[in-house]
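Contents: one structure, followed by commentary.
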Amino acid sequence: MKYFKIYLLFWLVFPVLSNSQVLNIEKERLDQDTLSDFKIKLVTDLELYNRSGGENDRNKGMDFSFDVSAIYEPGKHAYIFIAELDYERSNGIGLLDFGYAHGRVNWLAENKLSYETFAQISYDNSRGLDRRTVFGANLRYQLVNDKHFSVYLGSGLMQESENWQHPYNDEIISSNILKSTNYLNAQYNINEMLNLNNVVYYQAGLDDKLWRNRIQNWLILNTKITKTLSLKNSFVLAYEDKPIVPITKFIYTLKTGFAINL
């Protein structure tokens, strides 16, 4: 219970102190209770529907999501790759089209203090993001780590380049900003079947004398069904105070899906 109370303190207080488009790498670090050097996790969801409010009102659509995360740790260093694709279409109109690919190396991964280098490319057509590329590096510090509870802190710099489609005209707006990137990851192993993970990201950069801030909070509950199959629930809150184009500043996402651990 002592660790659970500490975890709740981090979850409730840290988002207030930290005052999105942030990719959550911490949730993709796979279970470490295995001796294999190579681990991979697959999560997929497919929905086809035909709903209508009346006999002559047809509403046909498809929702599809797929993500893969892999980690290879043959010795001192850990090599991580993750990718995700989300697509939704209704009555022939694309409502959601989002994807990314991210590669990262955690140098001296088993040390209390390690460092990471990473690169990423992503897009989000539903919000007008044509392309984002990111290159960066950060330090990673192991604040607490035992059988039931762990806390990691990360801080570094990244170069972010974006191309946005303005929502009200055909203008393409580009940005290229050096940003600080910071995170806190707290994970609580409730028992052998349940794992609770909360990650807070904060990113900020100076763009032509204007500070742009992003914060994102992830809460993930993993429930093991079998050794290889688990149920994953995630709830995400994100806020960006000064987006490049006029889009919704605050967004949230609730997702449920099955994960296969290989």
Side-chain angles (χ1 to χ4, degrees), residues 14-28 63-67 81-90 93-104 116-138 154-185 199-219 234-255:
F14 190 80
V16 178
L17 298 178
S18 294
N19 202 74
S20 79
Q21 302 146 10
V22 181
L23 177 59
N24 184 6
I25 302 303
E26 292 304 300
K27 78 181 179 66
E28 305 297 351
D63 298 342
F64 173 77
S65 66
F66 173 79
D67 66 79
F81 174 78
I82 64 174
E84 181 175 346
L85 173 66
D86 289 333
Y87 182 76
E88 180 179 350
R89 192 173 184 87
S90 179
I93 300 175
L95 302 177
L96 176 65
D97 189 2
F98 165 80
Y100 66 79
H102 182 102
R104 173 174 297 237
E116 300 175 305
T117 53
F118 55 87
Q120 173 191 325
I121 186 169
S122 61
Y123 70 94
D124 189 350
N125 290 340
S126 60
R127 304 195 79 209
L129 178 61
D130 180 62
R131 184 182 70 254
R132 171 187 290 119
T133 56
V134 174
F135 302 92
N138 64 263
S155 184
L157 293 172
M158 69 180 193
Q159 187 70 36
E160 180 185 71
S161 300
E162 296 179 325
N163 289 333
W164 286 89
Q165 169 74 57
H166 196 284
Y168 305 122
N169 55 53
D170 295 330
E171 183 182 6
I172 300 296
I173 300 177
S174 300
S175 68
N176 192 12
I177 309 174
L178 179 66
K179 292 185 174 182
S180 70
T181 176
N182 313 275
Y183 66 82
L184 179 145
N185 176 18
V199 189
V200 179
Y201 284 89
Y202 174 67
Q203 297 177 350
L206 185 62
D207 179 19
D208 193 24
K209 299 182 180 180
L210 179 67
W211 278 102
R212 300 185 186 275
N213 302 277
R214 294 175 183 158
I215 185 169
Q216 190 169 53
N217 191 88
W218 294 70
L219 180 65
S234 64
F235 183 60
V236 185
L237 298 173
Y239 177 76
E240 185 167 6
D241 66 340
K242 302 177 185 70
I244 300 297
V245 295
I247 56 176
T248 304
K249 295 182 179 181
F250 175 79
I251 59 175
Y252 66 90
T253 306
L254 176 63
K255 294 181 69 173

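Contact of the Lys179 side chain with the Gln159 side chain is not registered, since no non-hydrogen atoms from C-beta on lie closer than 4.5 Å. Within the 4.5 Å cutoff, no side-chain heavy atoms of Asp241 are placed close to those of Lys249. No side-chain heavy atom of Arg132 sits under 4.5 Å from any side-chain heavy atom of Ile121. Side-chain contact check for Thr133 versus Ser161: some heavy-atom pair is nearer than 4.5 Å.
Each of Ile177, Thr181, Val134 was checked for a side chain to side chain contact (heavy atoms under 4.5 Å, CB included) with Gln203, and the lone residue meeting it is Thr181.
Of all the heavy atoms in Trp211 and Ala204, the pair that sits closest is CZ3-C, 4.2 Å. Looking at every heavy atom in both residues, Pro167 comes nearest to Pro246 through CG-O, 3.4 Å. Smallest separation of non-hydrogen atoms from Phe98 and Tyr123: CD1-O, 3.3 Å. Nearest approach of Asp86 to Ser65, heavy atoms of both residues: OD1-CB, 2.9 Å. Listed here is the closest heavy atom pair of Leu157 and Ser180: CD2-CA, 4.0 Å.
Donor-acceptor pairing under 3.5 Å is recorded for the side chains of Asn163 and Ser174. No hydrogens or angles considered: nothing links the side chains of Gln216 and Tyr201 as a donor-acceptor pair under 3.5 Å. Side-chain contact annotation: Glu171 with His166, donor-acceptor N/O pair under 3.5 Å absent. A donor and an acceptor atom, one from each side chain of Asp130 and Gln165, are nowhere located under 3.5 Å apart.
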- Message: Please determine whether side chain to side chain contact (heavy atoms under 4.5 Å, CB included) holds for the pair Tyr100 and Ile82, giving the CA-CA distance in whole Å, both sets of side-chain angles, and the decisive distance to 0.1 Å.
- Response: CA-CA 8 Å; Tyr100 66 79; Ile82 64 174; 3.8 Å; yes
- Please assess Val236 against Leu254 for the test side chain to side chain contact (heavy atoms under 4.5 Å, CB included), listing each intermediate value before the final yes or no. CA-CA 7 Å; Val236 185; Leu254 176 63; over 6 Å; no
- Full working for side chain to side chain contact (heavy atoms under 4.5 Å, CB included) between Lys242 and Leu210: CA-CA 9 Å; Lys242 302 177 185 70; Leu210 179 67; 3.3 Å; yes
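Taking CD1 of Ile247 as the reference point, atom OG of Ser126 lies at 9.5 Å (rounded to 0.5 Å). Rounding to the nearest 0.5 Å places CD1 of Ile173 at 10.5 Å from CH2 of Trp164. With rounding to the nearest 0.5 Å, the separation of CD1 in Ile172 from CZ in Arg131 is 10.0 Å.
With hydrogens and angles disregarded, no donor-acceptor distance shorter than 3.5 Å links the side chain of Asp97 to the backbone of Asn125. A donor-acceptor pair is defined here as one N or O able to donate and one able to accept, closer than 3.5 Å; such a pair exists between the side chain of Asn182 and the backbone of Tyr202.
Arg212 has no carboxylate O lying under 4.0 Å from a charged side-chain N of Glu160, or vice versa, which leaves the two without a salt bridge.
Within a 6.0 Å radius of CZ in Phe250, other residues, nucleotides and ligands contribute more than 12 heavy atoms.
With a 6.0 Å cutoff to the six-membered ring centre and a 45° limit on the axis angle, Arg104 counts as a cation-pi contact of Phe118.
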